[in-house]
There are 2 protein chains.
Amino acid sequence: MTAAALRPSDRASQPVLASFGAPPVEGMAALDRIGTVVMLDRDSSLFYEGDAADYYFRVIKGAVRSCKMLADGRRHIGAFFLAGDFIGLDADAIYPFVAEAMTSVTVMRYSRRKIDVLISEQPRVATYLVGIMRDGLCSARQRMTALGHMTAMERVASFLLELANRADDVRISLPMTRTDIGDYLGLTMETVSRAFSQLKNEGIIKQQNVHELAIVDRAALENLGEAA
Amino acid sequence: MTAAALRPSDRASQPVLASFGAPPVEGMAALDRIGTVVMLDRDSSLFYEGDAADYYFRVIKGAVRSCKMLADGRRHIGAFFLAGDFIGLDADAIYPFVAEAMTSVTVMRYSRRKIDVLISEQPRVATYLVGIMRDGLCSARQRMTALGHMTAMERVASFLLELANRADDVRISLPMTRTDIGDYLGLTMETVSRAFSQLKNEGIIKQQNVHELAIVDRAALENLGEAA
DNA sequence: CGCCCATTTGAAAATAATCAATGGAAGTGG
DNA sequence: CCACTTCCATTGATTATTTTCAAATGGGCG
């Protein structure tokens, strides 16, 4: 599973035999020329559910969550977007979710209209974006497996592993609340908390503070989380 | 949620403001010129997990499932592919799952190499494929919500609704076993069966036979299934 | 320093899984 | 053509996991 649905960076390092060709790094550079830097405060929204999806975003700094409210008031978090992640690529005409800044956030904003023009000039930009979408699909599939067939502990373990892989460090920052994690993993806040406590008691993780932890025994964590 | 991850037909009927332009119906016609018809017996595989992903497929007739085995032997079904659905669009260099024919099946097979050539000649083909991928992402997100936050009954109800929408009929054919449905919804066979029985007892559905049922009270089913 | 809110922890209740047995339909071989 | 076999579905009883309800703890911020 993955913490962020759309993640270009990993992909750029993989060789690709498949259709649409290899992801051109220059695709991103071309994109950046038409992007605008936007800064947002914590708890503000990049956009709301139902807004016209006129922009893509890419997170430069900070963390963003995408939420969807269910009919009965339950909340589902579709993804956590961290530095490097694209937001909104999967939107059609309107955004199907609200995107909220969990921290103060810096994002690049790309006009989809301009991107269309750019694509007609540089087809590799499309290739680049398609690669990102494919990654998104891949992550989504993994996450479905997680949500469908994993126990609470397995979900939490694989969530931490994903964050650890992104951080390239045993230290993990958790900008989100326990409730956020629960809404992301399909668990309650309490169950998430209990899983954390158990991992702590078993010496698999260590908590610096509520929003910062370190993986002590990675092998044990992988044992718990790598069911998929 | 959706029964099939990749579904082009619905999309072609939606207006699209967004990037990559409107889905060109002619994109599909161009594709078909480079496709090969393939027929497969029940229980045979289109491809195996780890195979080089050299082809996309589109189901013409019959039903296909994609499976992934988890480390502990559990099985996850990623998608049911019915007539019209594309298979393999989300694959990178290799297929990340096995695709198995649940019935005797007729599919179109498209060489990804040829598709690349086609795209360079007709950019709208790329647009068409991107649209399908976006649909896939959208469905995946809905399904994640289902798996993450829905009760057993809600999952089964929304599964039936999805099939009903695809069938455009109150009669639904279920080519898959109860175990298949369970592995798709993240439930056991028994729980699925109990949900069916309850829906039957409440007069919401009627069973012609095990693999054929009819929706009697659609409103009630939507009440149960439309949490998302 | 104290308040507020998120987190942690505990106990009870609900939901789904597991274990187990029965029922039924499709396909096989006599 | 029928009986047998096998596989799948259904139903029941029990167990396990997670949620829900409730209370206590603790850290951050004014």
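So you know, we letter chains A, B, ... as the sequences are listed, proteins then strands, and number each from 1.
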Novice: Which nucleotide wins on minimum distance to the side chain of A:His211, given the candidates C:dT7, D:dT18, C:dT18?
Specialist: C:dT7
Novice: C:dA6 C1' sits how many Å from A:Met176 CE, rounded?
Specialist: 15 Å
Novice: Would you say the side chain of A:Arg155 lies within less than 4.5 Å of the side chain of A:Leu147, judging by non-hydrogen atoms?
Specialist: yes
Novice: Within the 4.0 Å heavy-atom criterion, would you say B:Gly186 contacts the bases, only the backbone, or no part of the nucleic acid?
Specialist: sugar-phosphate
Novice: At under 4.0 Å between heavy atoms, what does B:Gln207 touch on the DNA or RNA strands: base, sugar-phosphate, or nothing?
Specialist: sugar-phosphate
Novice: Looking at the side chain of B:Val210, which of C:dT7, D:dA9, D:dT18 is the nearest nucleotide?
Specialist: D:dA9
Novice: Once you round it to whole Å, what is the distance between P of D:dA9 and CD1 of B:Ile181?
Specialist: 8 Å
Novice: Choosing from C:dA11, C:dT18, D:dT11, which nucleotide comes nearest the side chain of A:Arg194?
Specialist: C:dA11
Novice: Looking at A:Arg218, I want to see if its CZ is surrounded by more than 12 non-hydrogen atoms of other residues, nucleotides or ligands under 6.0 Å.
Specialist: yes
Novice: Could you check if a side-chain atom of A:Arg75 sits within less than 4.5 angstrom of a side-chain atom of A:Asp180, using non-hydrogen atoms only?
Specialist: yes
Novice: Among D:dT18, C:dT7, C:dA20, which is the nearest nucleotide to the side chain of A:Thr191?
Specialist: D:dT18
Novice: Starting at CZ of A:Phe196 and ending at C1' of D:dT18, how long is that distance when rounded to a whole Å?
Specialist: 17 Å
Novice: When you measure from the side chain of B:Thr177, which nucleotide among C:dA16, C:dA20, D:dC8 comes out closest?
Specialist: D:dC8
Novice: Whole Å only: how far is the NE2 atom of A:His149 from the P atom of C:dA16?
Specialist: 15 Å
Novice: For the aromatic rings, using the six-membered ring if either is Trp, is the centroid distance between B:Phe81 and B:Phe57 under 6.0 Å?
Specialist: no
Novice: Between A:Arg74 and A:Asp72 (salt bridge meaning N to carboxylate O under 4.0 Å), is one present in this structure?
Specialist: yes
Novice: Report the distance from atom CD of B:Glu190 to atom C1' of C:dT18, rounded to the nearest whole Å.
Specialist: 7 Å
Novice: When you get a sec, tell me which of D:dT19, C:dT7, C:dA16 is the closest nucleotide to the side chain of A:Arg178?
Specialist: C:dT7
Novice: Rounded to whole Å, please give me the gap between CG in B:Leu174 and P in D:dA9.
Specialist: 10 Å
Novice: Looking only at side-chain atoms of B:Ser193, point me to the closest of C:dA17, D:dT10, D:dT20.
Specialist: D:dT10
Novice: Please state how far atom CG in B:Leu213 lies from atom P in D:dA9, giving the value in whole angstrom units.
Specialist: 13 Å
Novice: So if I take every side-chain heavy atom of A:Leu187 and compare against D:dA9, C:dA6, D:dT19, which nucleotide ends up nearest?
Specialist: D:dT19
Novice: Does A:Ser197 make a side-chain N or O approach to OP1 or OP2 of C:dT9 shorter than 4.0 Å?
Specialist: yes
Novice: Please give, in whole Å, the distance from D:dT25 P to A:Met189 CE?
Specialist: 17 Å
